[in-house]
K.L.:
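Have a look at this one before I ask anything.
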Amino acid sequence: MTMQPKYYRLALSDFRRTFAGKVPCVNSLKKWIRQGALPGERVGSQYYVHVDSHGNLYHKRAEPPTPQENPRFLHLIEGYPPAR
């Protein structure tokens, strides 16, 4: 019996395509991953965002960051994933 992964890696370029309207720059996304505000990781020189099988952000901790922890980031992803 094989286990389904808890999350999948989504490249930053693909993650940026999910935004409607104003798109955060790559350097901001990298900073948010390093700070832990955006679930993701660095593998070699590439950065990836962690998403679940439905395309939602996958936070390893129980709750995503609160607006007090990083209000600018959460404002940008409000309503993620976008309606298709």
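Counting begins at 1 with the first residue of the sequence. Computed from heavy atoms alone, side chains included, the values below leave out hydrogens, waters and symmetry copies.
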K.L.:
Listed by chain and number, what are the side-chain hydrogen bond (donor to acceptor under 3.5 Å, both in side chains) partners of Glu41, not counting sequence neighbours?
P.N.:
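By the side-chain hydrogen bond (donor to acceptor under 3.5 Å, both in side chains) rule, Glu41 matches Arg9, His50.
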K.L.:
Given side chains that start at C-beta, do those of Asp52 and Tyr8 come closer than 4.5 Å, heavy atoms only?
P.N.:
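The answer is no; the side chains never approach within 4.5 Å.
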K.L.:
What's the separation between atom OG1 in Thr18 and atom CG in Leu10, rounded to the nearest 0.5 Å?
P.N.:
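Those atoms lie 7.0 Å apart.
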K.L.:
Who passes side-chain contact (heavy atoms from CB on, under 4.5 Å) against Arg42, sequence neighbours left out?
P.N.:
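Once residues adjacent in sequence are excluded, the partners of Arg42 under the side-chain contact (heavy atoms from CB on, under 4.5 Å) criterion are Tyr47.
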K.L.:
Answer yes or no: is there a side-chain heavy-atom contact under 4.5 Å between Leu29 and Leu38?
P.N.:
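Answer yes - side chains close enough.
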K.L.:
Minimum heavy-atom separation for Ile33 and Tyr48, please, with both atom names.
P.N.:
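The pair with the smallest heavy-atom distance is CD1-O, 3.7 Å.
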K.L.:
Within the 4.5 Å heavy-atom criterion, are Trp32 and Pro24 side-chain neighbours or not?
P.N.:
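When only atoms from C-beta onward are counted, Pro24 and Trp32 do touch, with a gap below 4.5 Å.
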K.L.:
Give, for atom CD of Gln46 and atom NZ of Lys30, the distance between the pair rounded to the nearest 0.5 Å.
P.N.:
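The CD atom of Gln46 sits 8.0 Å away from the NZ atom of Lys30.
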K.L.:
Could you work out, with side-chain hydrogen bond (donor to acceptor under 3.5 Å, both in side chains) as the rule, every residue matching Arg17, not counting sequence neighbours?
P.N.:
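For Arg17 the side-chain hydrogen bond (donor to acceptor under 3.5 Å, both in side chains) partners, ignoring immediate neighbours, are Asp14.
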